[in-house]
Amino acid sequence: MKAYVLQGIGQLDYTDVPVPELKSGWALVKVEAAGICGSDIPRIFQTGTYHFPTIPGHEFAGSVADVFDEKDRAWIGKRVGVFPLIPCMECFVCKEDAYEMCRNYDYLGSRRDGGFAEFAAVPVWNLIGLPEEMSMEEAAMLEPASVALHALRRLTLTPKDTVALFGLGTIGIILAQWLHIFGIEKVYTVGHNSKHGEIMKLTASEDYEYLSAACPDGESLLTEDVVTRILEKTGGEGVSIAIDCAGTSETLTNCLNSVRPKGQVLAVGNPKGNIAFDKNSYWKILRNQIRLTGTWNSTFCHSKEDDWHQTIEACCSKELCLSELITHRLDFGELKKGLAIAKDHLEYHNKIIICP
Ligand SMILES: [Zn+2]
Ligand SMILES: [Zn+2]
């Protein structure tokens, strides 16, 4: 089969490899759509995967081509989404069904071979059946959409809340959609590209505000300016919830300074480097009794209530609009072009999907 094999940092080979062999409990998935995740860029070009060679790609969907065990034969031919985290099932958090925090997990596309290939081996436990009406490209976005839902579920959220959302990448925009689904009316989103703002308004709510934080260099967020504007818009009080989807010192500082006393700050974005805030901002955590919360991954435990099932339901009821985030649909052979667009910002992009 054709696959993209990471041989070393920045060394991604498009090559022929054997179709993965199955063992008991595993299925072979024919990949029909795979998304490029923001985290794939540092993984492929800076840090590498846990070992080499590895086939990257953790956001993918397809149909089951084969299974190892007789008892799993009903899966063959089924259209499936794939939860990429393989829990150990034995550590103390797994025993609490909190698999997203497993102490000893495996991961498709970083710790073992993933979805940038014609076929991927996936434990049957990690498969989720897809409804007819869900497209493969939507199914390839179940992971980021579930991560966004999981993040919001860390908060105490009521329709009265006012929210500031910093960072409008894929997860940020989907988070805005979930805020709308949860009935939140007042949301201020901050990004550095007005096209992200347009997609956010189109898919979440026209009524959500987009505040531009574009610098002349197009990169960092203008800290004080954005916070001042949010404080003005909330009559000087600040928002009750501030969410950082960018993972930078600036955006986390913005969160601390735009939230009201007793407010909640949610850290979502993967950090790009060390995160530091000045003393005054730190004082805000103490004096304003701010609740700072983290979130990681998503829940998948074969229950209707888990993040993945809830996400599928919201897609099918058209409350969640994932396809609108796709700016590029590329052939399987064009993955490197997609990675270059995401890495070097060669052209406007949001979600880039590869279709083998
Ligand atoms: Zn991802
Ligand atoms: Zn575990």
Side-chain angles (χ1 to χ4, degrees), residues 4 6 25 31 33-50 54-62 81-117 120 122-123 125-126 128 136-151 167-175 178 245-247 267-272 294-302 306-308 311 320 322 325-328 335 338-339 341-343 349-354:
Y4 288 88
L6 193 67
V31 180
I36 296 178
C37 174
S39 72
D40 287 326
I41 304 306
R43 186 172 294 122
I44 291 170
F45 296 102
Q46 286 165 17
T47 57
T49 42
Y50 280 75
T54 305
I55 299 170
H58 60 271
E59 299 180 5
F60 63 99
V82 176
F83 180 61
L85 185 150
I86 305 170
C88 76
M89 301 291 180
E90 278 163 16
C91 72
F92 65 96
V93 272
C94 278
K95 293 213 165 107
E96 294 166 12
D97 290 351
Y99 304 118
E100 74 276 17
M101 289 175 287
C102 172
R103 304 288 97 183
N104 190 25
Y105 64 92
D106 208 341
Y107 207 89
L108 301 167
S110 70
R111 298 185 176 211
R112 67 161 54 235
D113 289 344
F116 291 154
V122 178
W125 186 88
N126 290 63
I128 185 165
M136 279 296 166
E137 56 184 39
E138 280 179 297
M141 294 177 69
L142 278 172
E143 202 262 345
S146 301
V147 165
L149 171 60
H150 187 71
L168 279 186
T170 304
I171 302 262
I173 294 175
I174 300 174
L175 250 161
W178 282 116
C245 287
V268 182
N270 291 356
K272 313 283 179 290
T295 180
W296 188 243
N297 222 294
S298 56
T299 54
F300 179 86
C301 51
H302 300 273
D306 73 26
D307 297 324
W308 283 64
T311 298
L320 208 57
L322 300 180
L325 272 76
I326 302 172
T327 51
H328 294 76
L335 174 69
L339 290 169
I341 292 170
K343 174 171 164 276
H349 68 95
N350 201 298
K351 184 50 82 182
I352 302 172
I353 296 274
I354 313 294

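Just follow the structure's listing: the first ligand is 1, and inside any ligand the first atom is 1.
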List the atom pairs, donor and acceptor, that lie under 3.5 Å between side-chain atoms in residues 139-149 and the rest of the protein, sequence neighbours left out.
from   : atom 1 : to     : atom 2 : distance (Å)
Glu143 : OE2    : Tyr107 : OH     : 3.4
Ser146 : OG     : Leu142 : O      : 2.7
Ser146 : OG     : Thr311 : OG1    : 3.3

Tell me the closest heavy-atom pair linking Arg43 and Ser110, and the distance in Å.
NE-CB, 3.5 Å
Would you indicate whether the side-chain heavy atoms of Thr54 and Asp113 approach each other to under 4.5 Å?
yes
The reported gap from CZ in Phe300 to CG in Asp307 (rounded to nearest 0.5 angstrom) is 11.0 Å
Rounded to the nearest 0.5 angstrom, the OH-CG distance for Tyr4 and Leu335 is 5.0 Å
I'd like to know if the side chain of Lys95 and the backbone of Glu90 have a donor-acceptor N/O pair within less than 3.5 Å.
yes
State whether the side chain of Lys351 and the backbone N or O of Ile36 hold a donor-acceptor pair below 3.5 Å, judged by distance alone.
yes
If you leave out waters, which protein N, O or S atoms are less than 2.8 Å from the Zn ion (ligand 2)?
Cys88 SG, Cys91 SG, Cys94 SG, Cys102 SG
Restricting to side-chain hydrogen bond (donor to acceptor under 3.5 Å, both in side chains), what partner residues turn up for Trp178, sequence neighbours left out?
none
With His150 as reference, evaluate Thr295, Asn297, Asp306 under the side chain to side chain contact (heavy atoms under 4.5 Å, CB included) test and give the passing residue.
Thr295
Inside 2.8 Å of the Zn ion (ligand 1) but strictly below it, how many protein N/O/S atoms are present?
3
